[in-house]
Structure formats: C-alpha cells, structure tokens
Amino acid sequence: MPLYLYNTLSRQKQAFTPRHPPHVAMYVCGPNLYGPAHIGHALSYIIFDTLKRYLKFRGYDVKHVQNFTDIEDRIIATAREQNTTIEALAEKYIARFLNEMDALNIQRADVYPRATEAISTIIQMTQGLIEKGAAYEIEGDVYFRVRADADYGKLTHRSLDEMEAGARIAVDERKHDPMDFALWKASKAGEPAWASPWGPGRPGWHIECSAMNLEQHGEQIDLHGGGFDVMFPHHENEIAQSESYTGKEFSRYWMHNALLHLPGEEKMTRHLGGLVYIPDALARYSSDAIRAFILGTHYRSPLSWTDEGVTAAERGLERLRAARQDAVAPALTDATPTALTQAAWETRQKFITLMDDDLNTAGALGVLYDLAREINRARGQGASAQDLAPAQATLVELTGVLGLTLKEPERAVSAADAASINALVAERDALRAAKKYADADQVRAQLSEMGVEIADSPQGTTWKKTR
RNA sequence: GGCGACGUGGCCAAGUGGCUAAGGCAAGGCUCUGCAAAAGCCUGAUCGUGGGUUCAAUUCCCACCGUCGCCUCCA
C-alpha cells in the first residue's frame, strides 16, 4: 500500500510518487523574521517534521529545504522601529528560531536558504519573466502579469474574475490587472536595496521562495508545504512565477496544515495578536506533550490551544514513558514470538496503515497507546526485561517517527538538593522498615512539598522531581 | 457575495454504508501497596436538526441551525 497524501492542487488524497524515488525534494515555507515564532509556527513545523520522519521511515531520502524570509516590508519596518538593521534582526530571530525548533525535537532542514542570499536568482527569474511577457516594469517596480498565466488560481481553485469580484483592497491603478503582484519593488530612500536592471530595489514577497527552490532543488520539486494561510496568495503566486519561468510543473504535491487558535478566538497569527510563544509553552509542558497534543488532531483540522488539552497529553505520555522504562536491547533469537511481540508487530502494521492515509497521526497515536498498555500489562504479569524488549523497541521506534522522545522531562536538581532528597528518602525507608508508618508518611508529605514524587517497589524507593 | 471545512460519550479526538463507533484526559469501582504513587482491570455514545437515497446511514445526497477558514498581511 502506498502513502496517500492530500494534495491541495487536486483536493484529493493521492498516492505519493516522487519524481525520482527514493529521492524526495521537499520545501516548507519558513518564517518571516520580523519577530519571534509562536506555537502556531511550532504546529506547522512539527507536522512537516513528522511528515519528513515518516517519509524517511518509509525509505525515502528526503532533501528538506526551509527558507528564512529576511527581507520584506515588515522586517524593514521592525528594524527601523528597533533602531537596528535587517541583518541583525534576522540573525537574532534565526538563532532563536533554531533553538526553539531543537527544543521541540524538530529535525533541522538540510538547507536554510535566505532570501537575501538569492537575490541574483531572483533578478534572473524576474528578468526571464519579463522576457516571456509574464511580467512588466513600471517605474522600477516589476509586476507579474496574472492574465498571462492561463491557469492562475489552480491551487486555490478560484478564477481571477471571482477573486476580483470579491477584492477588498485598494488597487494600485498603475497595474495592468488588480491581481498583478510585485516581483521586484523599487526601494525608497533609506530602505535596503540591491542593484537591478530596473534600478535599486528589493524582492517582492513571493519570488524568493521560487528562487530558493530553483537554487536548492532545481526546476521541479515533489512536495511543498506550509500553513493554510499561505495558500493564497503566497503559494498561488509561487506556482505562477515558477511555472511561467520554467514552463514545467513546479511541485507535484502541495500540503497545508490547518491553523492553531486560542479557545473562542480566531487563528493565532502575528498581526492579530493572541500569541503563545514557544519558550512559554516549553516552560509549562514537555516538548513531547506539545507534540502529542498537536499530533492528536489531524493536521488538516484546526486546533484550539488549551491548558486542559496539553495537560491531558502530558498525562497520557506518562503511560507511554512507563512502558519504555528500563528497556533493554532485544536479543536476536529465533524463538517463537510471544503474544506481546506479536502485538508489537500488529501495532507496526496498523501504524503504517494509518500514517499512509494522509498522516493519520491521531489514529497512529491511538495504536501506540494500545501497545503501551500491552507492555505495561505484561510487565505487571511478570514478563522479563528480555520479554518486553522487542515490543519496547517497536514503541520507541514508532513514537520516534512522531518525534516523541518518551524521556522524562528533565528538571534541574542541584547536587545539594539531590543530597537532601536522598537523605529524606533514606530516613523514610528506615521509618518504614521500623513500621513507623505515620512518621514515614510525614516525610513523604515533606518531599511532596518539595516537588518530589516517590515510588516504592520491591527494588527500593525511587524519586523524581515533578516541578 | 464567491470558494471551502467542521459539528462523534463530561473535555479532546480517530473512524466506518451493515460485525464490540479507536485512543487520550477526567470521573466512579476494583487489583497491587503498610498507605500511597505508578501500572493494570471494569464502567459510559442511538455520532448537530429535519428530510431523502438504500434491504441497511453516524458514514452518501439535500435543506436548516451552529462554529470556523480563505478571498489583504499571516505557519
């Protein structure tokens, strides 16, 4: 069974067949660097990270390119407000962005091209489009001529006439058609500028992605992703530019994730406010919990960010973590598979079937919970570490495809704190041995107040910091 | 106005034209435990409303109600 992905172009799930298997050329729209990313960005990048991990799991060799848009009106405006340069602003937010992505266990892209490093290709494409009659210059600006593109609107399934009927923006009267968009903008005094055949200027918003794709992947790519909100006009315009320039199909598949919002509010986006920043989310929840929460809903369904929801995900993860506790490497034997090993095998099949169906991560997570229960049950019934090992290996592998680490959230404990906690735990153990349970319980309460949770077992008492 | 999506147990959320409608959280009972914690077991849904198609619909079609997205910047 092949992997099926929903392709925005066809509005259908389609079998995924890259141009040159096993190679997959994948491009995901990166952030505009005028400010920090928020958890809505995290959602999008977690989803495409999961897609990439799954493609690799399925044997594909993925080249993942993600751009940084480091020249754009808002960046110029923000740099001016903050009395800094666009370069400094970009550096600051790139560093922060990469740190945050790492913290969310999002694998890095293979290449992070920047718009300002693609200027020569942007100029070359713009020039080429003018020569083909697909673009025209007016007073140092260059516009793409949408009426020259016969299938303009094919991604969002709208005709130019429909779009113009619903237009809500003031139109620049110099343009030949209201929907024509800028490939190149003449710069005003004091704005960053690059030399071009049309005078000093800078790229329009959409052309940089077309140029970076051309530079990094070539004329045609397999998969292009981003949020629903960049479908129009950004992706529509990218297609128009790239295909008009090369005369070839640009991307075979277009994928768009639905957007995150706060309860009762509109989507989370920087120009509306209502943002939750990634460090704030990570201060409250493990990256696993954030991922599990996000992947608990299909990527094409909008999701509301709630404390209850992420907390529920965090609780649920505890069972998954318990299942992989003390895992050992499975021995290579040809012994008859146990019922548990059999269950692990079936989980793997179900996982693949679910993920093959347009990344049904919620369903996939469900079967992983089933497997975790099987493991925990077997352990409770006295299975040995070696008995559990194959199923645990499957659990770790498949949760890993979803980008979950199943590691206990690390909470810093100083050496001094650890020493005093150990002393209290030892004191309590002594009291228990002496059957002075009331006193032992008092010590436990004391530890609890310190944020230390303890667990007794035949092997002794263990503790962990829970806050 | 145009295009599109969604409405499943207290909350979140998969899914299917007919077989027990996944899973997570919460709640109650139980096992284990000195007591807990963790883990495990048990307990709950006529799938927004009204029509239609069909031997059979939560699943397909239509209408309605409600929520949301895109049509401007946005992951």
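In what follows, every heavy atom counts, from backbone to side chain, and hydrogens, waters and symmetry copies are set aside. Below, chain A is the first sequence line, B the second, and so on; all start at residue 1.
For B:G44, there is no paired base (Watson-Crick or G-U wobble, both distances below 3.5 Å). In this entry B:A75 has no Watson-Crick or G-U wobble partner, no candidate having both defining distances under 3.5 Å. With a cut-off of 3.5 Å on both Watson-Crick or G-U wobble distances, the partner of B:C19 is given as none.
A:Lys52 places its NZ atom 19 Å from the P atom of B:A75, with the value rounded to the nearest Å. One atom, NE2 of A:His157, and another, P of B:A5, lie 11 Å apart when rounded to the nearest Å. Straight-line distance from the CZ atom of A:Arg300 to the P atom of B:G15: 9 Å, rounded to whole Å. Between the C1' atom of B:G15 and the CG atom of A:Asp356 lies a distance of 17 Å, rounded to the nearest Å. Rounded to whole Å, the distance from CG on A:Leu51 to P on B:A75 is 19 Å. Between A:Lys350 atom NZ and B:G15 atom P there is a gap of 16 Å when expressed in whole angstrom units. Distance, A:Phe228 CZ to B:C71 P: 12 Å, rounded to whole Å. In this structure, the CG atom of A:Leu402 is 14 Å from the P atom of B:A14, given to the nearest Å.
The C1' atoms of B:G9 and B:G23 are separated by 13 Å, rounded to the nearest whole Å. Here, B:G2 and B:U16 have their C1' atoms 33 Å apart, quoted to the whole Å. Here, B:G18 and B:A37 have their P atoms 42 Å apart, quoted to the whole Å. For the P atoms, the distance linking B:U20 with B:G44 amounts to 14 Å, nearest Å. Separating the C1' atom of B:A14 from that of B:A21 is a span of 10 Å, rounded to the nearest Å. B:U46 sits 40 Å from B:C71 when the C1' atoms are compared, rounded to a whole Å.
Phosphate proximity of B:G24 to A:Arg315: absent, as no side-chain N or O sits under 4.0 Å from OP1 or OP2.
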Determine, step by step, whether A:Phe16 and A:Arg58 satisfy the side chain to side chain contact (heavy atoms under 4.5 Å, CB included) criterion, reporting the C-alpha distance in whole Å, the side-chain angles of both residues, the deciding distance to 0.1 Å, and the verdict. CA-CA 11 Å; A:Phe16 180 66; A:Arg58 290 292 251 122; over 6 Å; no

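Here the options are A:Thr8, A:Asn257, A:Asp358, the test is side chain to side chain donor-acceptor pair (under 3.5 Å), and the partner is A:Arg300; only A:Asp358 passes. With respect to A:Trp254, the ring-ring contact (aromatic ring centres under 6.0 Å, His included) criterion is satisfied by exactly one of A:His234, A:His224, A:His157: A:His224.
Nucleotides of RNA chain B nearest to A:Gly309 and A:Arg11 differ in position, and the one nearer the 5' end is that of A:Arg11. Mapped onto RNA chain B by nearest heavy atom, A:Leu320 and A:His298 fall at different nucleotides, with A:His298 at the one closer to the 5' end.
Using a 4.0 Å heavy-atom cutoff across all strands shown, A:Glu308 reaches no nucleic acid atom at all. As judged by a 4.0 angstrom heavy-atom cut-off over every strand, A:Arg321 is placed among residues making no nucleic acid contact. At the heavy-atom level, A:Ile454 lies under 4.0 Å from base atoms of the strands shown. Residue A:Glu314 is out of contact with every strand shown, counting any heavy-atom pair closer than 4.0 Å. When heavy atoms are screened at a 4.0 angstrom cut-off, A:Arg444 is found touching base atoms of the nucleic acid. Across all strands shown, A:Leu317 has no heavy atoms under 4.0 Å from either base or sugar-phosphate atoms. Using a 4.0 Å heavy-atom criterion, one finds that A:Tyr45 contacts the sugar-phosphate atoms exclusively. A:Lys435 comes within 4.0 angstrom of nothing in the nucleic acid, heavy atoms only.
Counting only heavy atoms from C-beta on, A:Leu303 has its side chain closest to B:A13 among B:A13, B:A37, B:A39. Nearest to the side chain of A:Ala322, among B:A39, B:G15, B:G2, sits B:A39. Closest contact between the side chain of A:Ala362 and the listed nucleotides B:A75, B:C70, B:A14 involves B:A14. Proximity note for A:Arg432 (side chain, C-beta onward) versus B:A14, B:G34, B:C70: the nearest is B:G34. Residue A:Pro233 has its side chain nearest to B:C73 when only B:G15, B:C73, B:C70 are considered.
Side-chain contact check for A:Arg145 and A:Ser244: no donor-acceptor pair (N or O, by modelled atom type) lies under 3.5 Å. For the residue pair A:Asp356 / A:Thr353, no side-chain donor-acceptor distance below 3.5 Å is found, with atom types taken as modelled. A side-chain donor from one of A:Asp288 and A:Thr405 sits under 3.5 Å from a side-chain acceptor of the other. No hydrogens or angles considered: a donor-acceptor pair under 3.5 Å links the side chains of A:Arg321 and A:Ser286.
Using cut-offs of 30° and 60° on the angle between ring planes, the pair A:His41 and A:His38 is tilted.
Residue A:Arg158 places a side-chain atom within donor-acceptor reach of the base of B:C70, judged by atom type and a 3.5 Å distance cut-off alone. The base of B:C70 lies outside donor-acceptor range of the side chain of A:Asp229, with no N or O pair under 3.5 Å.
Less than 4.0 Å separates RNA chain B from at least one heavy atom of each of the following residues of residues 367-389 of chain A: A:Tyr369, A:Asp370, A:Arg373, A:Asn376, A:Arg377.
For A:Tyr54 and A:Phe57, the ring centers are positioned less than 6.0 Å apart. Ring pair A:Phe97/A:Phe68: centre-to-centre distance below 6.0 Å.
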